[in-house]
Colleague: 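Have a look at this one.
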Amino acid sequence: MLSYVGRALAGFTLLLVSFVAVGGLMSAAGHSVPRGRMVDIGEGRQLRLVCEGPSQGASGDRPLVWLEAGAFGFAADWGATQEALSAAGWRSCAYDRAGLGFSPPGPAPRDGLAIVTDFEKLVAASAEPGPFILVGHSMAGLRLREYAGRNPDKVAGLVLVDAATADASETEAFKPFIRAFATASRWAAHGASLGLYKPLVYTSLGDKIGLPPAAKAEKRWAFANGPHNRAAAAEVAQWSESARQAVAAPPYDPDWPVAVVTAGPVKGREKRKAMQAAPAERSARGYVDHVEAATHTRLLGETFAGHIVKAVEFVAGV
């Protein structure tokens with residue numbers, strides 16, 4: 001989430017330089033038919049779903065891994081993680097929230113309740129059996145808390161990947177960041193809507209995660225796509241309300257295994273790291289992995305996805 005603020009500011013700064021360098025001729029990355037399938041969640045609405053890995057029967061008694069992306073993220077963000085999970089014998093599913101990626105928009109407001117309600121419908125429509133291991137990155141920490149509180153029978157365990165927590169989001173210390181991020185998100189959505197990011201899609205800004213080719217193409221397309229960025233900014237605008245909704249949900253059951261994987265060094269970030277690790281510390285079976293060489297976004301990429309696989313295996317007791 002912090003990286004997106006940097007991306008937005010860097011995008012505006014580099015825009016004129018990019019036009020000079022390439023003559024303003026580069027266009028947004030095109031994409032072929034999106035991976036996965038569209039799933040009907042009722043009332044004429046659909047969400048894009050990408051499931052990879054062995055079928056449930058072939059993977060034995062291993063639970064399905066559901067992946068929830070963070071702010072401005074969608075199924076493509078998990079491309080490298082899904083490849084790593086599949087190689088390790090896990091079946092996983094990622095999806096595009098309403099209005100993001102290749103999913104049509106949903107009714108406003110796009111707060112936590114709306115997002116989690118859509119996810120519940122998607123899980124039911126997917127016909128994937130539970131209980132599940134829930135994995136969430138960044139702002140998705142709010143979604144996992146609310147979904148787990150509403151659906152405790154569906155939870156086999158949780159993995160929080162450099163995730164925000166609902167409790168921390170409610171503190172006065174965190175609120176200035178929420179306001180600043182919401183402002184930067186609005187500007188980013190405005191820039192994408194004006195086409196300002198199109199010359200930048202093939203730079204490092206188009207994929208700051210480190211994704212495999214198919215997911216990389218989708219991520220680059222979304223980076224410059226106005227509707228995607230506007231829908232994402234609308235979600236960020238609801239951060240405070242989503243945090244209140246999540247806090248109102250029951251806390252994680254201490255019997256649930258919880259793994260926390262964070263990015264960046266601990267030194268100088270002790271308080272932040274402690275807040276992130278708190279869900280694992282409260283669990284009867286918790287696991288914390290601080291990946292100091294990773295960034296907030298690259299933690300999901302090909303270089304570091306193995307840490308997420310290890311966290312999933314810990315939660316599953318493998």
Colleague: Tell me if a side-chain donor or acceptor on H137 pairs with a main-chain N or O of A69 at a distance below 3.5 Å.
Modeller: no

Colleague: Check for me, please, whether L113 and L100 land in the same ILVMFWY cluster - side-chain distances under 4.5 Å, paths through other members count.
Modeller: no

Colleague: Is it true that M275 and L160 fall in one hydrophobic cluster, defined by side-chain heavy atoms closer than 4.5 Å?
Modeller: no

Colleague: Between the main-chain N or O of R285 and the side-chain N or O of S283, is there a donor-acceptor pair closer than 3.5 Å?
Modeller: yes

Colleague: Could you see if V266 belongs to whatever hydrophobic cluster contains V260? Use Ile, Leu, Val, Met, Phe, Trp, Tyr and a side-chain cutoff under 4.5 Å.
Modeller: no

Colleague: From Y147 OH over to W66 CH2, what is the distance, rounded to the nearest 0.5 angstrom?
Modeller: 8.0 Å

Colleague: How many angstroms lie between atom CD of E313 and atom CD1 of I133, to the nearest 0.5 angstrom?
Modeller: 9.5 Å

Colleague: For E170, what residues pass the side chain to side chain donor-acceptor pair (under 3.5 Å) criterion, not counting sequence neighbours?
Modeller: none

Colleague: For P107, which residues count as a side-chain contact (heavy atoms from CB on, under 4.5 Å) partner, sequence neighbours excluded?
Modeller: R45, R110

Colleague: How close do D118 and A98 get, counting heavy atoms only, and between which atoms?
Modeller: OD2-CB, 3.9 Å

Colleague: Is there a path of hydrophobic side-chain contacts, each under 4.5 Å between heavy atoms of I, L, V, M, F, W or Y residues, that connects V247 with M139?
Modeller: no

Colleague: Side-chain contact test, heavy atoms from C-beta onward, threshold under 4.5 Å: evaluate it for T117 versus R150 and give yes or no.
Modeller: yes

Colleague: Would you call D162-R298 a salt bridge at under 4.0 Å N-O?
Modeller: no

Colleague: Tell me whether the rings of F304 and H307 are parallel (<30°), tilted (30 to 60°) or perpendicular (>60°).
Modeller: tilted

Colleague: Return a table of donor-acceptor pairs under 3.5 angstrom between the side chains of residues 36-43 and protein atoms on other chains or two or more places apart.
Modeller:
from: D40; atom 1: OD1; to: G42; atom 2: N; distance (Å): 2.7

Colleague: Go through D289 and K310 one step at a time and tell me if the side chain to side chain contact (heavy atoms under 4.5 Å, CB included) criterion holds.
Modeller: CA-CA 10 Å; D289 178 15; K310 287 182 180 179; 5.9 Å; no

Colleague: For the pair E218 (side chain) and R35 (backbone), establish whether a donor and an acceptor sit closer than 3.5 Å, ignoring hydrogens and angles.
Modeller: yes

Colleague: With ring pair (Phe, Tyr, Trp, His ring centres under 6.0 Å) as the rule and sequence neighbours excluded, what pairs involving residues 258-295 come up?
Modeller: Y287-F314

Colleague: So, T171 side chain and D167 main chain: donor-acceptor pair closer than 3.5 Å or not?
Modeller: no

Colleague: Listed by chain and number, what are the salt bridge (charged side-chain N to carboxylate O under 4.0 Å, His left out) partners of E235, not counting sequence neighbours?
Modeller: R97

Colleague: Once you round to the nearest 0.5 Å, how far does CD of E302 lie from NZ of K216?
Modeller: 7.0 Å

Colleague: Could you give me the CA-CA distance, side-chain angles and deciding distance for K208 and H296, then say whether side chain to side chain contact (heavy atoms under 4.5 Å, CB included) is met?
Modeller: CA-CA 9 Å; K208 298 190 74 174; H296 182 67; over 6 Å; no

Colleague: Looking at S169 and A164, what are the two nearest heavy atoms and their distance?
Modeller: OG-CB, 4.4 Å

Colleague: Would I308 and W78 count as a side chain to side chain contact (heavy atoms under 4.5 Å, CB included) here? Give the steps.
Modeller: CA-CA 11 Å; I308 301 174; W78 295 108; 4.2 Å; yes

Colleague: Which label fits W239 and F181: parallel for a plane angle under 30°, tilted from 30 to 60°, or perpendicular past 60°?
Modeller: perpendicular

Colleague: Between N229 (side chain) and F223 (backbone), is there a donor-acceptor pair under 3.5 Å?
Modeller: yes

Colleague: What residues form a salt bridge (charged side-chain N to carboxylate O under 4.0 Å, His left out) with K175, not counting sequence neighbours?
Modeller: E172

Colleague: Search all heavy atoms of D96 against all heavy atoms of F102 and return the closest pair with its distance.
Modeller: OD2-N, 2.8 Å

Colleague: Just how far is it from atom NE2 of H190 to atom OG of S185, taken to the nearest 0.5 Å?
Modeller: 14.5 Å

Colleague: Please check: side-chain N/O of T81 versus main-chain N/O of L300, any donor-acceptor pairing under 3.5 Å?
Modeller: yes

Colleague: Output all residues satisfying side-chain contact (heavy atoms from CB on, under 4.5 Å) with A237, sequence neighbours left out; order by chain, then residue number.
Modeller: none

Colleague: Using the salt bridge (charged side-chain N to carboxylate O under 4.0 Å, His left out) criterion, which residues pair with D111? Sequence neighbours excluded.
Modeller: none

Colleague: Kindly give the heavy-atom pair with the smallest separation between V155 and L158, and that separation in Å.
Modeller: CG1-CD1, 4.0 Å

Colleague: Would you mind listing every salt bridge (Lys or Arg N to Asp or Glu O under 4.0 Å) that reaches into residues 70-82, with sequence neighbours excluded?
Modeller: D77-K219

Colleague: Give, for atom CD of E68 and atom CZ of R143, the distance between the pair rounded to the nearest 0.5 Å.
Modeller: 7.0 Å

Colleague: So do the side chains of S103 and F74 get within less than 4.5 Å of each other, counting heavy atoms only?
Modeller: no

Colleague: Start with the C-alpha distance between L144 and Y252, add both sets of side-chain angles, then the distance that settles side chain to side chain contact (heavy atoms under 4.5 Å, CB included), and finish with yes or no.
Modeller: CA-CA 9 Å; L144 264 57; Y252 294 144; 3.7 Å; yes

Colleague: If hydrophobic clusters are built by linking Ile, Leu, Val, Met, Phe, Trp and Tyr wherever their side-chain heavy atoms come under 4.5 Å apart, do L142 and F174 end up in the same one?
Modeller: yes

Colleague: Measure the CZ-CZ distance between R91 and R62 for me, rounded to the nearest 0.5 Å.
Modeller: 14.0 Å

Colleague: Which pair of heavy atoms, one from A75 and one from V50, lies closest together, and at what distance?
Modeller: CB-CG2, 4.0 Å

Colleague: Please list all pairs passing the disulfide (SG to SG under 2.5 Å) test where one or both residues lie in residues 78-174, with sequence neighbours left out.
Modeller: C51-C93

Colleague: Which heavy-atom pair separates N225 from P227 by the least distance, and what is that distance?
Modeller: OD1-CD, 3.2 Å

Colleague: Scan for salt bridge (Lys or Arg N to Asp or Glu O under 4.0 Å) pairs involving residues 242-270, sequence neighbours excluded, and state none if there are none.
Modeller: E241-R244

Colleague: Can you list the residues that meet the side-chain contact (heavy atoms from CB on, under 4.5 Å) rule with S193, with sequence neighbours excluded?
Modeller: R230

